[in-house]
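Following: one structure in C-alpha cells, then a few remarks.
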Amino acid sequence: MPESSVRRRHPEKTEIHPVEEDDKRKGPAVVHPVANDALSNVVLAVLTVLGFLTRFYNINDPAEVVFDEVHFGKFASYYLKNIYFFDVHPPLAKMMLAAVGYLIGYDGHFEFDNIGDDYVANNVPYVAIRSLPASLGALAVPLTYLIMKESGYPALTAALSASLVLLDNSLITQTRLILLDSMLMFFMLTAIYAYIRFYKLRKREFSTEWWTWLIISGVTMAMTLSVKMVGLLLIATIGVAVLYDLWNLLDIRRGLTMQHFMKHFYARAFGLIFVPIVVYLFWFYVHFSILTISGPGDAFMSPAFQETLKGNSMMMNSLSMFRWVGGIMRIWPSTVDIRYGDNITVMHKETKVYLHSHIDKYPLRYEDGRISSQGQQVTGYPHKDLNNFWRVKPADDDENIDLDNPSRIVRHGEIIRLEHILTRSHLLTHDVASPLMPTNQEITTISVDDDGRRNETLFQLLIEGTDDHGTAWKTTSSYFKLIHMDTKVAVWTHSKALPEWAFKQQEVNGNKNSGEKSNIWFSDEIQGMNGGFQPQLLNIRNYLAFPPQSFWLYVDALPMHVPSIPPTTATEINASKQKPLRKIPFILKFFELQRLMISHNSGLTKPHPYQSTPINWPFMVRGISFWTQNDSRRQIYLIGNAFGWWTAVGSMAVLVGVMIADTLARRRGYEPIEEAVRSRLVNSAGFFFTAWVFHYIPFFLMGRSLFLHHYLPALICSYLVYGAVFQFMFIEGVDSPSSEPGPHTKPRFAVKTAYSWQTYLSAAIILGAQVAVFLWFAPITYGSPGLDVAGVKARQWLSTWDLHFAK
C-alpha cells in the first residue's frame, strides 16, 4: 500500500453486508456508470458452457450404481411407486429425481440395492436421472460468477472465482451422480445471489423489484433447507446479515421513524421467515401425498402414522388372518387386546430383538472389576424361543383377576409385572450397574416366590401416542415403554453384544433417560390359546357376523360343506372387513417426521472406512472411494482440486490477517486501506467469510459420522472469499458504486478498477495451476481407464489418500 494512503482519521463504525455501503461516498455529481454488459455476458456464457461440459463429460460411465446412488436412487424409485420410506433428509431433492424419472416414463422397478449393480441390464434410464444433478451442478458455475458481479467485482475477479468452482474435481464428482449435493449447492448459491440483489435495492425500498428479490430469497432459502437439514446453515448466514441490516436501519442517524423501521422488520419477517416456513411445509405435504402405500419406512413411524398408509401392518393385523391348511380354512385375529394372564413376547422396535431370559446368571465380577448382583440374565435375543415369553400380571396379586382365564384388558398407564414363564421369575431392575454401561441399571429377574422386593418388579406401561388411560394394550400395533416405578428408568436395549458368558446376546438394561425414543417395545404375539379356549366351528358364510376376539382363536371352517367357495374367498372376506385408513392432521405427521429425522441423523455414528473429521477438510487429508471396477482397475475417488483447496485456505488466512492488522491500525487512528477498498473487503468478503464459517464450524459440534463431501458448500464459500482477496491483493481500487440508485439517490463518481500486468499474470498462474491439477486428477474424477500402478501412486499426493490399485 502506498505510504500516502496511510492517514489519520476519526474512527467510524463499519457493517457486515454482502455489498458495501455506497451512501457515505463523497464526490461531485456524475451519472451512475453502466457496466460493460456485453463482455460480462460473453464470459458468463463461456463459463456456463464449460460447466455443462465438465459435468456431462462421459456421464453414462460407469453404467453402475455408484456410492450413495444406492440410497437416493432407491428413494426416487419409491416415490414413483408411492411406497412410504424414511430418510434423514427432507424430501425435495429426492422428489426432483423422481420427477425426472416420471417425465421419461420410468416406473421405479429398479431398487438400487447394491453399489455396482448394472443399470443397462436392468433397463434403468440412469443418464437422464443423472442429468438433473449434473445440470444444477453446472449452473453453480455461472451462479458463482453472478454473485461476484452483483457484489461489485469486475469480470476478471468474478471469472476467477467461477473457474475455481468449474475446475474443482470434488464438485464435479459429487454433482454428476444421483446425489443430493448439487441441488443443495444450487439453491444455496441462488439464495445468496437473490439476497445480494435484494440488499442492493435498499434505496428502492418496498418497490416491486425489492419485494420480488426478498421473496425469492425466502423461497430459495426454504428450497435449500428442503434438500438437506444443513440448509439451516444458509439460513443462519443470511439471518446474521439481516440482523446487521436491521441494526443499521435502527440507528437514529438513518432518520427512520420507528413506524418506518417496523415496516422493514415486518417485510423481512414475512419474506425470510413466513415464506420459507410455508414453502418448507409444502414440500412435506407433497411428500405425504405421494407416499401413500405402506413400505420400509413404516417401522420408524408411530402406529397412528402407520394407520394412514394403504396396506399397513396395523390395518392388516387388525383383520383376521386366513390360511388354507389341508383343505381347512383357519381363521384368527392377529392384533388383539392383551389381557392380564396372557403370555406374550416383547420385541424392541429399533433393534428387533425379543426380551429374553434364561437360567444363566450374570458373573460376579466383570472384566473391568465391577461387581454384579449375580442375578438371572435378561438379554435381547433375535430368534423365536420359548424363553421369550412373559406372563402379564397386575401389580397387586390380591386383585380379583383370574390369570388362568384372561378377561381384563391391560390399559395405558397401568402398573404391571412381567413373569418369565420358563424360570418362574419376575422382571426386576435395581440400583446395580449394567454389564456394559455403568451409567445404566442392571435388568434381572427374581423368583415369583420372593415377595420381599415387590416394588422392584413394578413397571408402568406407557403406550406411545396416547394420554387416554382407557387405551387398550394390543399386540403388534401398540408401541410402549416400560418405566420402572421405583427408579424411573426405562427398559432398553442396544446393539452391542454381551460377552461369551451371555452367549453374545444383546444387553438389556435400565436407561436413565426414559424419554428416549429408543426405549420403545411392542408385543409380537400371544402364546397359543390362553385359558383353554377351544377351536370353534363356524360356517364361513356367517363369518362377517362373528364378533372379533381379543385372544388367539382358531376357527375351523369346513369348505367341503360349501364347495362353491374357492380359497380366494378369504381375501374377499378380508377386503370386505377392511377399516378405512386413519386420518391424522398434516401438522402432526410433519412434526413426527421432523423429530425422527433429527434423532436418526444424529444417531448415524457407525464407523465408516472413509469418514473424516472437520479439522481435516480444508486440507483435504482424506478422500472417499465412490466406485471401483477390479477388472479394468478403474475407480472414482472423491478428491478436490488440491491447488484450489489449499490456496483457498491461504486466502482466508490472508483476509483474517488483513482485517486484524487494519483494525489495530485504525485503533491507533490510521487508515492503511482506502475507504472504498476497505468497505468492499469488510462487507463483501466479510459476508462470504461468514458464510464459510457457518457452513463449516457447526460440523465440529456434530456427533454423527462425517465425510469430505459435507465440506463442499463451505468450499464454494471459500472460493468466493478467494476472489475477494485476489481483488484486494492484485487489483487497484474497486468498481463502485455497486448498489442500485434510488429515486432520491445523489449521483456519485463512478470509480473503476485499475489492472496491471501483475494482475493478469497472477490470474493466469492461478487459472493455469487449477487447470493442470484438474486434468491430473481427472482419471479418478471420471473413472477413466488407463492408470497403471505408477499412475495411481503419482496421484496419491498424501499417504492418507487411500486410492485403490496403488499396488
How many angstroms lie between CD1 in Ile624 and CD1 in Ile636, if you round to the nearest 0.5 Å?
-> 12.5 Å
Mind checking whether His264 and Phe206 have parallel, tilted or perpendicular rings, split at 30° and 60°?
-> tilted
Listed pairs under 3.5 Å, donor-acceptor, residues 227-237 side chains, sequence neighbours left out:
residue: Lys228; atom: NZ; partner: Asp181; partner atom: OD2; Å: 3.3
residue: Thr237; atom: OG1; partner: Leu233; partner atom: O; Å: 2.9

Keeping the roles fixed (side chain from Glu307, backbone from Ala304), state whether a donor-acceptor pair exists under 3.5 Å.
-> no
Salt bridge (charged side-chain N to carboxylate O under 4.0 Å, His left out) between Arg268 and Asp245, intermediate numbers included = CA-CA 10 Å; Arg268 287 161 175 77; Asp245 186 22; 2.9 Å; yes
State which residues pass side-chain contact (heavy atoms from CB on, under 4.5 Å) with His600; sequence neighbours excluded, sorted by chain then number.
-> Phe86, Val88, Phe300, Leu596
Identify the heavy atoms of Cys717 and His695 that sit nearest to each other, and give their distance.
-> SG-ND1, 4.2 Å
Report the distance from atom CG of Leu143 to atom CD1 of Ile716, rounding to the nearest 0.5 Å.
-> 9.5 Å
Side chain to side chain donor-acceptor pair (under 3.5 Å) pairs touching residues 101-111, sequence neighbours excluded, are Ser77-Tyr106, Lys81-Glu111, Asp107-His109
Return the orientation label for the His484 and Phe459 ring planes: parallel under 30°, perpendicular over 60°, tilted otherwise.
-> tilted
Considering only NZ, NE, NH1 and NH2 on the basic side and carboxylate oxygens on the acidic side, decide whether Lys74 and Asp113 come within less than 4.0 Å.
-> yes
Relative to each other, are the rings of Trp692 and Tyr711 parallel, tilted or perpendicular (30° and 60° limits)?
-> perpendicular
How many angstroms lie between CE in Met347 and NE2 in His356, if you round to the nearest 0.5 Å?
-> 13.0 Å
Any side-chain heavy-atom pair of Thr475 and Asp524 under 4.5 Å | no
To the nearest 0.5 Å, atom NE2 of His348 lies from atom OG of Ser495 at 10.0 Å
Decide side chain to side chain contact (heavy atoms under 4.5 Å, CB included) for Leu461 and Glu414; before the verdict, give the C-alpha distance in whole Å, the side-chain angles of both, and the deciding distance to 0.1 Å.
-> CA-CA 6 Å; Leu461 174 74; Glu414 293 186 351; 5.5 Å; no
Could you check whether the rings of Phe75 and Phe72 sit parallel, tilted or perpendicular, using 30° and 60° as the cut-offs?
-> perpendicular
Distance-only, no hydrogens or angles: does the Gln460 side chain make a donor-acceptor pair with backbone N or O of Met485 under 3.5 Å?
-> no
Phe699 versus Trp617: any side-chain heavy-atom pair under 4.5 Å?
-> yes
Is it true that atom CZ of Phe85 has more than 12 heavy atoms of other residues, nucleotides or ligands lying nearer than 6.0 Å?
-> yes
Taking all heavy atoms of Leu712 and all of Ser170, pick out the closest pair and write down the distance.
-> CD2-OG, 3.5 Å
When you measure from the side chain of Lys481 to the backbone N and O of Glu464, does any donor-acceptor pair fall under 3.5 Å?
-> no
Separation of Leu179 CG from Arg130 CZ (nearest 0.5 Å) = 9.0 Å
Tell me, do Asn519 and Val491 make a side-chain contact under 4.5 Å, heavy atoms counted?
-> no
Ala490 to Ile483 - nearest heavy-atom pair and separation = CB-CD1, 3.6 Å
How are the rings of Trp213 and Tyr193 set to each other: parallel, tilted or perpendicular (split at 30° and 60°)?
-> perpendicular
Which word best sums up how the rings of Phe522 and Tyr479 line up, parallel for under 30°, tilted for 30 to 60°, or perpendicular for over 60°?
-> tilted
Hey, is Lys517 close enough to Glu350 for a salt bridge, meaning N to O under 4.0 Å?
-> no
Check whether any side-chain heavy atom of Pro713 sits under 4.5 Å from a side-chain heavy atom of Leu184, and report yes or no.
-> yes
Should the pair Phe305 and Tyr84 be assigned to parallel (<30°), tilted (30 to 60°) or perpendicular (>60°) ring geometry?
-> tilted
N/O donor-acceptor pair under 3.5 Å between Thr471 side chain and Asp468 backbone | yes
Verify, without hydrogens or angle tests, whether Gln611 (side chain) and Ser705 (backbone) share a donor-acceptor contact under 3.5 angstrom.
-> no
With distance as the sole test, does Glu69 use its side chain to make a donor-acceptor pair with the main-chain N or O of Ile115 at under 3.5 Å?
-> no
Do Tyr126 and Ile129 come within less than 4.5 Å of each other through their side chains, counting heavy atoms only?
-> no
Test item: Phe688 and Ile147 side chains (from C-beta on) under 4.5 Å apart, heavy atoms | yes
Exercise answer: donor-acceptor pairs, residues 269-287 side-chain atoms, under 3.5 Å, sequence neighbours excluded:
residue: Tyr280; atom: OH; partner: Gln594; partner atom: OE1; Å: 2.9
residue: His287; atom: ND1; partner: Tyr79; partner atom: OH; Å: 2.7

Check against side chain to side chain contact (heavy atoms under 4.5 Å, CB included), Gln441 and Asn511 = CA-CA 7 Å; Gln441 290 186 185; Asn511 186 357; over 6 Å; no
Are Thr175 and Met185 close enough that some pair of their side-chain heavy atoms sits under 4.5 Å apart?
-> yes
Here the pair of heavy atoms bringing Ser182 nearest to Leu136 is O-CB, 4.1 Å
Please work out whether the ring planes of Phe586 and Phe288 are parallel, tilted or perpendicular, with thresholds of 30° and 60°.
-> perpendicular
Salt-bridged, Lys496 to Glu507, with N to O below 4.0 Å?
-> no
Return the set of residues passing side-chain hydrogen bond (donor to acceptor under 3.5 Å, both in side chains) with Arg622 (not counting sequence neighbours), or none when no residue passes.
-> Asp802
For the student: nearest non-hydrogen atoms of Pro133 and Leu97, plus distance = CD-CD2, 3.9 Å
Separation between CD1 (Ile293) and NZ (Lys310), nearest 0.5 Å, reads 6.0 Å
Looking at residues at least two apart in the chain, or sitting in another chain, which of them share a side-chain hydrogen bond (donor to acceptor under 3.5 Å, both in side chains) with Asn440?
-> Asn509
Flag, side chain of Thr224 to backbone of Phe187, donor-acceptor distance under 3.5 Å = yes
Between the side chain of Ser217 and the main-chain N/O of Tyr195, is any donor-acceptor distance below 3.5 Å?
-> yes
For the residue pair Phe67 and Trp627, is the inter-centroid distance of their aromatic rings smaller than 6.0 Å?
-> no
Verify, without hydrogens or angle tests, whether Asp117 (side chain) and Asn114 (backbone) share a donor-acceptor contact under 3.5 angstrom.
-> yes
Applying side chain to side chain contact (heavy atoms under 4.5 Å, CB included), run through Phe689 and Leu720 and close with a yes or a no.
-> CA-CA 8 Å; Phe689 183 77; Leu720 296 174; over 6 Å; no
Nearest heavy atoms of Ala472 and Ile409, plus distance in Å | CB-CG2, 3.6 Å
Side-chain (Thr220) to main-chain (Met223) donor-acceptor, under 3.5 angstrom = no
Side chain to side chain contact (heavy atoms under 4.5 Å, CB included) evaluation trace for Ile344 with Val346 | CA-CA 7 Å; Ile344 67 171; Val346 176; 3.9 Å; yes
Looking at side-chain heavy atoms only, is the closest gap between Val353 and Tyr381 below 4.5 Å?
-> no
